[in-house]
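Side chains are part of it too, since the values below use all heavy atoms of this structure and drop only hydrogens, waters and symmetry mates. Starting from 1, each residue takes its place in the sequence as its number.
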Amino acid sequence: LLPLAMPKIPSQQVLNPEVASMDGVHLFYSDMSICSRKVLLVLACKNIPFTRKHIDLALGENRTPTYLGVNPRGLVPTLVHDGQVIIESNLSLIHISEPTRLLSISYAVFCLKKKNKKTKI
């Protein structure tokens, strides 16, 4: 069962002012995180343009005031899409996939309608 709303950080908890002005897709990730790697993989496979923001967990960059201003929980990965902060890797994957899935369904319906028109003539 999919959640009704993406778990996102409420805007009042996002203390880094740069986040609100982030256009497009930005991924805060760590090479040491399997969850980060799966989000990176899906973004790459779907050819979605995004900005990488590496967080070095070994150096504690996830506990700096700058990163805690993005995600107060200090976890990676964190996906920011047009200023909206989305946490939890599986929910980031759902967020990434939704528009693509809808586009694919729309295209399939279009092709079926076009094929049916040609068949009836």
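- For the residue pair S36 and S33, a side-chain donor N or O sits within less than 3.5 Å of a side-chain acceptor on the partner.
- Contact between P72 and V70 at its shortest, heavy atoms only, is CD-O, 3.8 Å.
- For the pair V85/T78, a side-chain contact is recorded, criterion being any heavy-atom separation below 4.5 Å from C-beta on.
- Between H54 and Y29, the ring planes are perpendicular. Angles over 60° get that label, and only those under 30° would be called parallel.
- Between the side chain of D82 and the backbone N or O of D23, no donor-acceptor pair lies under 3.5 Å.
- Contact annotation: the side chain of F28 never approaches that of N71 to less than 4.5 Å [non-hydrogen atoms, C-beta and beyond].
- Taking each heavy atom of S92 and L79 in turn, the nearest pair found is OG-CB, 3.6 Å.
- Counting heavy atoms from C-beta on, the side chains of V25 and T51 never come closer than 4.5 Å.
- Scored by the ring-ring contact (aromatic ring centres under 6.0 Å, His included) test, H81 finds H95 as partners (sequence neighbours excluded).
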- Query: What's the verdict on side-chain contact (heavy atoms from CB on, under 4.5 Å) for E61 and S30, showing C-alpha distance, side-chain angles and the deciding distance?
  - Reply: CA-CA 10 Å; E61 290 179 350; S30 171; over 6 Å; no

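- Between K53 and V80 the shortest side-chain heavy-atom distance does not fall below 4.5 Å.
- Annotation: side chain of C45 is in contact with side chain of L41 (closest heavy-atom distance under 4.5 Å).
- Separating the CG atom in L27 from the CD1 atom in I86 is a distance of 11.0 Å, to the nearest 0.5 Å.
- Residue S21 comes nearest to E18 through the heavy atom pair OG-O, 2.9 Å, listed as atom of the first residue, atom of the second, then distance.
- In this structure, I87 is not a member of the same hydrophobic cluster as L68, with clusters built from ILVMFWY side-chain heavy atoms closer than 4.5 Å.
- Between I96 and V39, the closest side-chain pair of non-hydrogen atoms falls below 4.5 Å.
- Looking only at side-chain heavy atoms (C-beta outward), L75 and R73 come within less than 4.5 Å of each other.
- For the atom pair CD (E88) and CD1 (I94), the distance works out to 10.5 Å, reported to the nearest 0.5 Å.
- Within the 4.5 Å cutoff, the side chain of K38 has no heavy atoms near those of the L40 side chain.
- Annotation: the span from T64 atom OG1 to I55 atom CD1 amounts to 6.5 Å, rounded to 0.5 Å.
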